[in-house]
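Throughout, residue positions are numbered sequentially from 1 according to the sequence presented.
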Amino acid sequence: MFNRTNDSFNRISDDEAAGSSVDYAYLKQDVKIAYALELRDTGRNGFFLPKDQILPTCEETFDGLMAAIEAIDQ
């Protein structure tokens, strides 16, 4: 199941985020590969999703994580 809401992919360094967990992983722990997930809301709802968007957000996030795990497993 996939609810297409956003087809863009960015490196975390392309976003104007200060002090993300990815920054910490790279800079302080010398991690070679790190990921950050961004969910549906773009800030329009203040990161408080309406009730009708919570389940679809969980489903698409789970599907994305499973696809990543399967790709690593190959």
Side-chain angles (χ1 to χ4, degrees):
M1 177 180 292
F2 183 67
N3 304 297
R4 266 202 131 108
T5 56
N6 185 345
D7 290 349
S8 69
F9 299 90
N10 297 324
R11 293 184 329 222
I12 191 77
S13 60
D14 291 342
D15 294 335
E16 291 187 17
S20 72
S21 58
V22 172
D23 293 336
Y24 178 81
Y26 285 135
L27 299 173
K28 299 291 186 178
Q29 299 297 318
D30 197 31
V31 170
K32 301 300 180 208
I33 299 173
Y35 298 92
L37 299 175
E38 292 188 4
L39 304 179
R40 283 178 173 231
D41 189 54
T42 60
R44 186 172 133 196
N45 296 302
F47 297 100
F48 291 100
L49 289 177
K51 287 182 182 183
D52 65 336
Q53 290 189 29
I54 294 172
L55 184 58
T57 299
C58 294
E59 291 169 340
E60 65 195 20
T61 302
F62 179 79
D63 289 345
L65 288 170
M66 291 306 296
I69 291 166
E70 289 171 9
I72 291 168
D73 214 21
Q74 293 179 1

Is Leu49 isolated, or which residues cluster with it under the ILVMFWY side-chain rule of less than 4.5 Å, directly or via members? Ile54
Shortest non-hydrogen contact from Ile33 to Val31? O-CG1, 3.2 Å
Provide the full list of side-chain hydrogen bond (donor to acceptor under 3.5 Å, both in side chains) pairs with a residue in residues 44-55, sequence neighbours left out, each pair given once.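 Checked against side-chain hydrogen bond (donor to acceptor under 3.5 Å, both in side chains) - neighbours excluded - the pairs reaching residues 44-55 are Asp41-Asn45.
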Can you list the residues that meet the salt bridge (Lys or Arg N to Asp or Glu O under 4.0 Å) rule with Asp30, with sequence neighbours excluded?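 If we apply the salt bridge (Lys or Arg N to Asp or Glu O under 4.0 Å) test to Asp30, skipping adjacent residues, the hits are Lys32.
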Partners of Glu70 by side chain to side chain donor-acceptor pair (under 3.5 Å), sequence neighbours excluded? none
